[in-house]
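Keep in mind it's a predicted model, so treat the numbers as computed, not measured. Heavy-atom basis, side chains included; hydrogens, waters and symmetry copies ignored.
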Amino acid sequence: MRFNPARRREDKGTGRVLAFFGRFFAIFGIAAFISLFFLLLTLHRAINFEPPPLPQNILLTYKLPPDLYETNQKPSLRGPLLRPPTTLQEIVEAIDLAAYDNRISGLVIHTGSSSYNLAQIQELRDSVRRFRAQGKPATLYAEGFGGMSAGMGSYYLASVFDEIWVQPMGFVSITGLRSEIPFLKGTLEKFGIAPDFDVRGKYKSAAETLTHTSMSAPHREMMESLLADLSGQIRDGIAENRGMTEDNVRKLIDNAPYSGSEAAASGLIDREEHYDLLIEAAKQAAGDDVRIIDLLGYGFSARVAREEKGMSGFLSQLLRDKSPKSAYRNKTKIALVYASGTIVSSRDATSFAPFAPMGAGNEPMFADRIASAIRSAANDDEIAAIVLRIDSPGGAPGAAEAIRRAVEFARNKEKIVVASMGNVAASGGYWAVVNADHIIAAPATLTGSIGVFAGKIVLDELWKKLDMRWDSISEGRHADMWSTQSHFSGTATERFSAMLDHIYDSFVTLVAEGRGMDKDEVEKIAQGRVWTGRQALDAGLIDSLGGLDAALQKALELAGFAPDEDVPVVHYPPRRSTLELIFKALTEGVSHAPQIISGTNTAMPFIPPEAAQIYHMWQLTQTASQPLLIAPALLFLKDF
């Protein structure tokens, strides 16, 4: 037989390929076996998960985050392993759990740079007050309050604690509140941009940033009233908790800022020392066997142990969802629905929102989802009452009406509905809850704003400056009504005005019906005026003052339960199944539990934007925003 080298090389090549795949599949099989083993082990541990036992003597510590949210947010790359940001209620619930836990010896809170609004600060203050009412000490530490900027909000929070410690180089800058509002009319005119807006309600001033060069008289009157009331709330809180008179606090504010030693001498703080010395002092006061545990780590373990064990319980706390409806089957419950952000009708909506009076950059609230959650709770025979937590500056009237109708639907189903207002529940945010059985707001909540404004940005002169010409063809007398190339004119102005009249009249009518008032009474407190929660109570727009805890207690009371009765609170819409929770955890990158042992991190001074709470900013329409951003550059190039 004749030797064939090519055939020999071909056989060797085939053998090498087969050997390669053999080794590959062998390695792959071993890796798959090991992965399957660890997966089964992980599932076994998760299914049988129980939190580690907590010590019998615990000192809780916590470093407040820069921002607090009303509802669960998407994980961020800035957080560890894409962990979702901390929510306000997560902190409040943990403090409330600790207040009635005999294992807790004390609480140490460390503040840093943050941007809390006054309503959030008041909810935190209330939770610390409840903690202290159980005879447990609470201490706050800060590098300073404001430093080279205002620190009124951060010190207002600190004043509710038993003791306030400040770093030796810290300053206490309680210099008062100030609101600074930009007016862009002159700037827009330079670029040939003409705002064309109409308003119902003399206090409806959000559009003035585009249409005026300074505050109108009603705008100034409203802002002065808001600022005076919010300042009074802060002074009263500081005076009450620090054992001072209101006049004394006012004098201290007028003479601020202070160094740490000056603040200690005036009674504003208790100690000028470092954080590690505070921890050592707190440990000595608690006893030799004390263990230091992070507040949220404690809350995580305590809630899992109390509410639900196993994989479902672990994931429910890890993903910051309340215990599932199934955990309390055949038991009467309270439904909690969160509604936060600018109100739009649905995720794919492009609704025009003509009465969102304040706040820019809000995440949208999808009215169809909120309304569906309320109706779902209303149709559940095991739900006795619904608490609707709302934090919204307004939005599209049709979307706000969808939520209001869902509230009315729930009441027709004989469900108690209590509205809990967060930082702001104004304009459409107030419209949505006006039919609730009981409305509760924080003293610093901004609400009311019963009015409407709408309009468009006209860019015709801008295009002329840029030597840009537009041409158009239309069919219909009002086809150009929403165009940014021309002002409202002729019969289009009449129809636009009629739209605003209808929205405003509907708003006033709904408030009159929902609050049991005459329309003339509503007119006196409407006109687009914004009120603090404390002012709104006097005006009859709300029923009582308090945070979410007070709203839950009111829901229990109105539903006929005893104050100390153990009635579970479940989120609506009901939480996902265990399998869905696992998929959510994997896809969102949330794969760890909160740390238990606390650290001693430091941070920059806490600078809360109090003025931003009453800062009116109109978000330009999507059509006009891009030209406004590029106009300065285009004009520069043209002149160049």
Between [Y] and [X], do the side chains contain a donor N or O and an acceptor N or O under 3.5 Å apart?
X: His110; Y: Thr61; result: no
X: Ser127; Y: Asp96; result: no
X: Tyr156; Y: Gln122; result: yes

Pairs touching residues 156-166 that satisfy salt bridge (Lys or Arg N to Asp or Glu O under 4.0 Å), sequence neighbours left out:
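Of all non-adjacent pairs touching residues 156-166, those that pass salt bridge (Lys or Arg N to Asp or Glu O under 4.0 Å) are Arg132-Asp162.
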
**Message:** For residues 98-107, which residue pairs pass the salt bridge (Lys or Arg N to Asp or Glu O under 4.0 Å) check, not counting sequence neighbours?
**Reply:**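 Listed by first then second residue: Asp101-Arg103.
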
Between [X] (side chain) and [Y] (backbone), is there a donor-acceptor pair under 3.5 Å?
X: Lys136; Y: Ala98; result: yes
X: Asp270; Y: Ile164; result: yes
X: Gln120; Y: Asn117; result: yes

Note to self: Between Asp380 and Arg375 (salt bridge meaning N to carboxylate O under 4.0 Å), is one present in this structure?
What the structure shows: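 No salt bridge links Asp380 with Arg375.
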
- Between Arg130 and Asp549, does at least one N-O distance fall below 4.0 Å, as a salt bridge requires?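 Result for this pair is yes, salt bridge flagged.
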
Criterion side-chain contact (heavy atoms from CB on, under 4.5 Å) against Ser420, the qualifying member of Leu548, Ile390, Leu388:
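So, applying the side-chain contact (heavy atoms from CB on, under 4.5 Å) to Ser420 and each of Leu548, Ile390, Leu388, only Leu548 qualifies.
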
| Non-hydrogen side-chain atoms of Val407 and Val433 separated by less than 4.5 Å |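 The answer is no, as the side chains (C-beta and beyond) never meet within the 4.5 Å cut-off.
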
Taking ring pair (Phe, Tyr, Trp, His ring centres under 6.0 Å) as the definition, give me every residue that meets it alongside Tyr430, ordered by chain and number, with sequence neighbours left out.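 For Tyr430, no residue satisfies ring pair (Phe, Tyr, Trp, His ring centres under 6.0 Å) once neighbours in sequence are set aside.
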
